[in-house]
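The structure appears right after this line, and notes come after that.
In what follows, every chain begins at residue 1, and chains take the letters A, B, ... in the order their sequences are listed.
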Amino acid sequence: MLTDAEWQIVELSLRVSLVAVLVTLPIAFALAWVSARTRIRGKILLDALVHLPLVIPPVVTGWLLLILLGPGGAIGAWLDRVLGIQFVFRWTGAALASGVMALPLMVRAMRLSIEAVDRRLEQASRTLGAGRWRTFFRVTVPLCLPGIVAGSVLGFARSIGEFGATITFVSNVPGQTQTLPLAIYSALQVPGREGFATRLAIFSIILSLLALLVSEWLVRRGSREGGIV
Amino acid sequence: MFDLALTRRLGERTVELAFASDDRVTGLVGVSGAGKTSVLNMIAGILRPDSGHVAVAGRTLFDAARAIDLPPEQRRCGYVFQDNRLFPHMSVRGNLTYGSGARAGGGYRADLPEITALLGLEPLLDRGPRTLSGGEAKRVAIGRALLSQPDFLLLDEPLTSIDPARRESILDAIDRIRSEVGLPMLLVSHRADEVERVASRIVRMAG
C-alpha cells in the first residue's frame with residue numbers, strides 16, 4: 001500500500017478538497033438559488049462569472065487569484081494587513097483555488113435540483129401554516145438534497161483533481177500545497193519515481209471514481225423521488 | 001361563513017366571483033376552465049386577487065381597499081388540493097402531522113388518533129405517499145388539512161380521478177366532517193350532482 005509520505009499527500013488532498021467543498025457549499029447554494037428562483041438585474045453576468053472557471057484555462061484562474069489574493073493583490077494585501085490572512089504557499093490557498101474551480105459544477109447541480117422542486121408543494125406547506133423559512137427547511141431543502149449532495153460530491157472530485165489553478169496560485173510546496181496531482185507531476189519530473197507516481201495515480205483514480213459513482217447514484221435516486229404525489 | 005368578491009385577470013380572461021353564504025357547506029360548481037381553482041387559490045392566499053375581498057367565518061383574509069392581505073400560513077385554511085400535494089419525502093404520518101402545531105391560536109383542533117379514526121387512516125400511517133391509491137391519498141390530504149388547525153376547509157374536486165367504487169368513501173368522509181367536525185367548507189366540483197349530496201348551498205360559476 002502507501003508509504004507515510006504518500007499518505008501525507010493523500011491526507012493533505014482530502015483536507016484541501018473537504019474544506020474547499022464545505023466552504024463553497026453555502027455560497028454555491030445561494031448562487032444556485034439566485035439563478036433558479038430570482039429575477040434580479042445582471043443575473044446573466046453573475047451566471048457568466050460563476051461559470052468562468054469552467055471555460056477558461058485553470059492556469060488563468062490561478063493567475064487571476066494570484067493577482068487578487070496574492071501578497072501584492074488588491075484583496076490579498078488587505079486581508080494580510082487587517083486580518084493576517086495569507087493564502088500563497090499555504091494549504092488554505094490550495095483549498096481556495098479548488099473551491100473556485102469546483103464552484104460552477106456545484107452551482108449547476110444545485111440549480112437543477114432547486115428548479116426540479118415542485119413549487120406547488122411549497123404552496124401546500126404554506127397553506128398548512130408553515131412560514132417561508134419552515135417551508136424552506138422542511139420541504140425545499142429535503143427535496144433538493146440529492147442535488148446538494150451530488151453537487152458536493154462532484155465538487156469534491158473536481159477538487160481532488162485540481163492542478164492548474166493550484167500550482168499557479170499557491171505553488172508546489174510539499175506538505176502545504178502539494179496535493180495528489182501536483183505530487184504525481186513532481187514525481188514524473190524525476191527519473192526512477194514512476195512507482196510512487198503510479199501508486200498515487202491509482203489512489204486518485206479510485207477516489208474520484210468513488211465520488212462520481214456516489215454522485216450518479218444520488219442523482220438517480222433524486223429523480224425517482226421528485227414530483228407530485 | 002363565506003363572503004367573497006373577487007376579480008383577477010389571468011391572461012386573456014378574467015375570473016370573477018361574488019357571493020355570500022351562511023351555509024356550513026357551500027358547493028361551487030362550474031365547467032372546467034371557469035376559474036374555480038383560481039378562486040380557491042385566492043381564498044387560500046396563493047393567488048393575489050386584483051380587487052375585492054375575502055372574509056371567512058367573520059375574519060377578513062384579504063381586502064384590496066383596506067390593504068389587508070394575510071399570507072397563506074396565517075389564513076387558517078385547510079386546503080385539499082385536487083392533486084393532493086402530499087410531501088413525497090415524508091410518510092403518511094409525517095404528512096398528517098406537518099401542519100399540527102405550526103399555527104398559533106384558534107382553529108379546529110384535533111389530534112392524530114381522532115383524525116385517523118375519522119378517515120380510516122390507521123393502516124396507512126407508515127406508508128409512503130407514492131404507495132397510496134387515489135382514494136387513500138385523497139383521505140390523507142383531507143386528514144392533513146384537518147390537522148392543521150383550520151378555521152375552514154377548501155376542497156378542490158375531491159372526487160375527480162377517484163374510481164367510482166372509492167367515491168363513496170370520500171363522500172362519507174366529507175359527510176362525517178360536516179356532521180361531526182362542523183367546519184365551514186367550500187366544495188368545488190364541475191358536477192352539480194356530486195356536491196348536491198353534501199352542500200346545502202350551490203354557487204354556480206359561469207365559464
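When side chains are defined from C-beta on, B:I46 does not count as touching A:R126, because their heavy atoms never get closer than 4.5 Å. Taking 4.5 Å as the limit, every side-chain heavy atom of B:S148 sits out of range of all side-chain heavy atoms of A:T127. Side-chain contact between B:Y79 and A:Q123: absent, with no pair of heavy atoms (C-beta onward) separated by less than 4.5 Å.
The backbone N or O of A:R120 lies less than 3.5 Å from a partner atom in the side chain of B:R85, making a donor-acceptor pair.
Contact detail for B:H89 and A:P142: the closest heavy-atom pair is CD2-CB, 3.4 Å. Across B:R144 and A:A124, no two heavy atoms sit closer than the pair NH2-CB, 4.0 Å. Across all their heavy atoms, A:L121 and B:F87 have their closest contact at O-CE2, 3.3 Å. The two atoms that bring B:Y98 and A:T135 nearest to each other are OH-CA, 4.1 Å, heavy atoms only.
Residues in residues 107-117 of chain A take part in these side-chain hydrogen bond (donor to acceptor under 3.5 Å, both in side chains) pairs, two or more places apart or across chains: A:H51-A:R108. Sorted by first and then second residue, the salt bridge (charged side-chain N to carboxylate O under 4.0 Å, His left out) pairs involving residues 148-163 of chain A (not counting sequence neighbours) are A:R158-A:E162.
More than 12 heavy atoms of other residues, nucleotides or ligands lie within 6.0 Å of CG in B:D69, so this atom counts as buried by the packing criterion. By the 6.0 Å contact criterion, OH on A:Y185 is open, its count of non-hydrogen atoms from other residues, nucleotides or ligands being 12 or less. Atom CH2 of A:W33 has more than 12 heavy atoms from other residues, nucleotides or ligands within 6.0 Å. Dense packing is recorded around CD1 of A:I40, with more than 12 heavy atoms of other residues, nucleotides or ligands lying under 6.0 Å away.
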